[in-house]
Every structure is written in C-alpha cells, then in structure tokens.
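All figures in this text were calculated on a predicted structure; none of them were measured in a lab.
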Amino acid sequence: AYLFTGWFDASFVLSEIHLFLNLDDPRTKLTIGPWDHGMYNNISPFSARRRPRFDSDAESVRFFDRRLLGLPNGLDEEPRVHYFTMGEERWKAADTWPPPGATDRPLYLGAEGALLGEVAEDDVDVYPVDPTAGTGDRSRWVSLVNLEHTPIEYEDRATADQLLLCYDSPPLEADREVTGHPRLILHMESSAPDAGVFVYLEDVDPEGRVEYVTEGMLRALHRKPAAPPYRSPVPYHSFTRADGAPLVPGEVVALEIALYPTSYLFKAGHSIRVAIAGADADHFAPVTPEPPTFRVHRGGGFPSRIILPVMGR
C-alpha cells in the first residue's frame, strides 16, 4: 500500500500511521505533508503558497507502474517514509515511523503559566472551564466536509487562548524540531464526575503571535490505559463501558493524552505553549450538564508535563 495523509487531516493522520505500522509488507510506503484531507491545500503557516506542489496522481501512477507492471522506476530504492517539517519547510525521509533520532524531552507545568525543564514545587492551578472555548469553523475537524476546499486556518489563537489555561516556555535559545507523537501527562481533579480535556501545542513568536501546531483530547471517564490490540506509537484506551471510571471530586487522577503527530520546527526566540481547555464548543458536545472546574496539579508528586519528541540533541 501507498499511504498519503497530512498533518491537518483531521484524525486520519494517526490512522494512516497505524496502517503503516500494522501492514506487514516492507514495500508499504507513507507520505505525510503539510496538508488537509484530500491534499487540496498547503496548511503550513510558513508557506505563502496554498496549492501543494506534491502531485499525488503522478506518484500514484508511479506506484502502480512498479507494483502492477513491474517497471523499475526507483520506487523500491527510496526510503519508506517521507514527511514534511513545517517551519523548516523541508521534506525528509526515513525507513521507519517515528523516524530515528528523536528523544523524549519533558517540559513541566510551573507557577504563573511557566513551562519548565525541571519539576517545580507542588501547587495547583484552578481553572473554571469556559464552555465557549473553541477552535473556529476552519479547523482540522471540518477538513472532511470542506466541499469548497477552503484552507484550514486557526485564526487569532492568542485571543482564543485567553479562555484557556496556558503555560509558556522561556524563549528558545536554539531551534528545536519536534517530530513524532507529543503527549501530555496531566494530574488533575474535577468538580464533576467526568470531563472532556483538550490540549493544544502552540508556537508563540517574539511579537506574541500564536500558531497552532497540533492538539489532543481525552474524555476523563476513559482514562484507564489498556494494551493495544495492534502496534501503536501512542497510549491506548479501550473506550469500553467496562473500563469506564467516573471522576471522584477531590481525587487526583492522571490522564495521559496523546496529541496528533506533527513535524514542526520551533525557531530560536520563540516559546512553546501548552494550552488546556475543557471544551471545544465548535466541534464537540460537552460531557457534563454544567461546565466543571478543573484543579490542575503540577510539581512535587504530581509532575504534570508535556513530553515532546525532539530531534537531535
């Protein structure tokens, strides 16, 4: 199989990666670009060109020429995975996914909205969930029903983040490439027996402009980890009734939330932001009748943190 997907292809980018990892044919190939569903638009915030240069039809014909006609066109000599790093605006290749060379680097939630390289002192941030928080009408979640192929755009995330609980790293001293599957380990309690938790990874430039990078979500009821029935690079949850576990007010629980994969270059002078919400009113129904209040624990015995797959040192 030859699998095409994009970093903004709703949730299908993870599905294609799962296919790649579970099809036991070494000829299977995977290409991930800066695209929406159907590869109609280049969504990289650093590109002025919206029409992709990648010709998926020509590449498909090339694949069939090799597989059906047996033509020696070099396909088998190429790496199995090609992926595009946004920010660097460059195609890269590897024979595996995730590509080799990434190291998991934690950044810990700290006091006064800081994102730190080490565990802070034990403390709590109280966040009354704003039920109006959302990601707009041009997000990755409308990619499949975007009949006019309007480019996905996360407009004015700086304003949207005012409704969220945000943590920023200090300005980076050097470029930092994140390629793979970020995940958030969140120690929290809620005033309600359930919670929809949304997390956004974002890029804040020196002027305060905020770019969406990727996101993840988890309904707290389904937080129990389970062994995946297939090869998976992310934490697995069964979502079965038998594994459901309501929250108990006052009880701290740990949620491991997988963010959708990405390849993104955070540039020197920029800050990495983690933004936490309890709603995306534009796309997802609330899971409680009234918006709850979150108590996010950080530091000490509850080291809430985002773990980033950072390439190189």
Can you tell whether the side chains of [X] and [Y] come within less than 4.0 Å, N to carboxylate O?
{"X": "D24", "Y": "R231", "answer": "yes"}
{"X": "E177", "Y": "R90", "answer": "no"}
{"X": "R219", "Y": "D194", "answer": "yes"}

side-chain hydrogen bond (donor to acceptor under 3.5 Å, both in side chains) pairs, two or more places apart, involving residues 93-102: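 Every pair satisfying side-chain hydrogen bond (donor to acceptor under 3.5 Å, both in side chains) with a residue in residues 93-102: W97-H181.
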
Selection residues 249-261 - residue pairs positive for side-chain hydrogen bond (donor to acceptor under 3.5 Å, both in side chains), sequence neighbours left out: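 As it turns out, the side-chain hydrogen bond (donor to acceptor under 3.5 Å, both in side chains) pairs with a partner in residues 249-261, which skip direct neighbours, are R183-E256.
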
Non-neighbouring partners of S191 that pass side chain to side chain contact (heavy atoms under 4.5 Å, CB included), sequence neighbours left out: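 Per chain and number, S191 pairs via side chain to side chain contact (heavy atoms under 4.5 Å, CB included) with P292, T293.
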
Establish, from distance only, whether the side-chain atoms of [X] and [Y] form a donor-acceptor pair under 3.5 Å.
{"X": "D203", "Y": "Y212", "answer": "no"}
{"X": "E89", "Y": "S47", "answer": "no"}
{"X": "H297", "Y": "S304", "answer": "no"}
{"X": "T135", "Y": "D280", "answer": "yes"}
{"X": "D36", "Y": "N41", "answer": "yes"}
{"X": "D205", "Y": "H270", "answer": "no"}
{"X": "T214", "Y": "T262", "answer": "no"}

Kindly compute the distance separating [atom1] ([X]) from [atom2] ([Y]), expressed to the nearest 0.5 Å.
{"X": "S56", "Y": "R62", "atom1": "OG", "atom2": "CZ", "value": "13.5 Å"}
{"X": "F302", "Y": "L109", "atom1": "CZ", "atom2": "CG", "value": "14.0 Å"}
{"X": "E189", "Y": "R295", "atom1": "CD", "atom2": "CZ", "value": "4.5 Å"}

From CA spacing to verdict: side chain to side chain contact (heavy atoms under 4.5 Å, CB included), H187, V253: CA-CA 6 Å; H187 297 271; V253 299; over 6 Å; no

Where do [X] and [Y] come nearest, in terms of heavy atoms and distance?
{"X": "L21", "Y": "P233", "answer": "CD1-CD, 3.6 Å"}
{"X": "D122", "Y": "G299", "answer": "OD1-O, 3.5 Å"}
{"X": "A258", "Y": "V234", "answer": "CB-CB, 3.8 Å"}

Side-chain hydrophobic cluster, 4.5 Å single linkage: members besides [X]:
{"X": "Y108", "value": "V119"}
{"X": "V210", "value": "V204"}
{"X": "L144", "value": "F12"}
{"X": "L221", "value": "none"}

Parallel, tilted or perpendicular, as decided by the 30° and 60° cut-offs, for the rings of F284 and W141: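 Answer is perpendicular, since the angle exceeds 60°.
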
Aromatic plane relationship, F4 with Y2 - under 30° parallel, 30 to 60° tilted, over 60° perpendicular: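 It falls in the tilted class, 30° to 60°.
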
Pairwise salt bridge (Lys or Arg N to Asp or Glu O under 4.0 Å) hits with a residue in residues 264-277, at least two apart: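 Listed once each, the pairs are D161-R273, D168-R273.
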
Of all pairs that satisfy salt bridge (Lys or Arg N to Asp or Glu O under 4.0 Å), the ones with a partner from residues 128-152, not counting sequence neighbours: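 Non-adjacent pairs meeting salt bridge (Lys or Arg N to Asp or Glu O under 4.0 Å): R138-E153.
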
For D243, salt bridge (charged side-chain N to carboxylate O under 4.0 Å, His left out) partners two or more places apart: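 By the salt bridge (charged side-chain N to carboxylate O under 4.0 Å, His left out) rule, D243 matches K224.
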
Residue list, salt bridge (charged side-chain N to carboxylate O under 4.0 Å, His left out) with E202, at least two apart or on another chain: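 E202: salt bridge (charged side-chain N to carboxylate O under 4.0 Å, His left out) contacts with R157.
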
Among E16, H18, K29, the one residue meeting side-chain contact (heavy atoms from CB on, under 4.5 Å) with L3: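 Testing each of E16, H18, K29 against L3, the sole residue satisfying side-chain contact (heavy atoms from CB on, under 4.5 Å) is E16.
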
Donor-acceptor under 3.5 Å (R51 side chain, Y40 main chain):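 Indeed, once roles are kept as given, a pair shorter than 3.5 Å links the two residues.
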
Validation row, ring centre W35 to ring centre F54 under 6.0 Å: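 Between F54 and W35, which both carry aromatic rings, the centre distance is below 6.0 Å.
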
Centroid-centroid under 6.0 Å between F84 and W7 rings: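 For F84 and W7, the ring centres are not under 6.0 Å apart.
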
side-chain hydrogen bond (donor to acceptor under 3.5 Å, both in side chains) involving D76 - partner list, sequence neighbours excluded: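 side-chain hydrogen bond (donor to acceptor under 3.5 Å, both in side chains) check on D76 returns R66, R67.
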
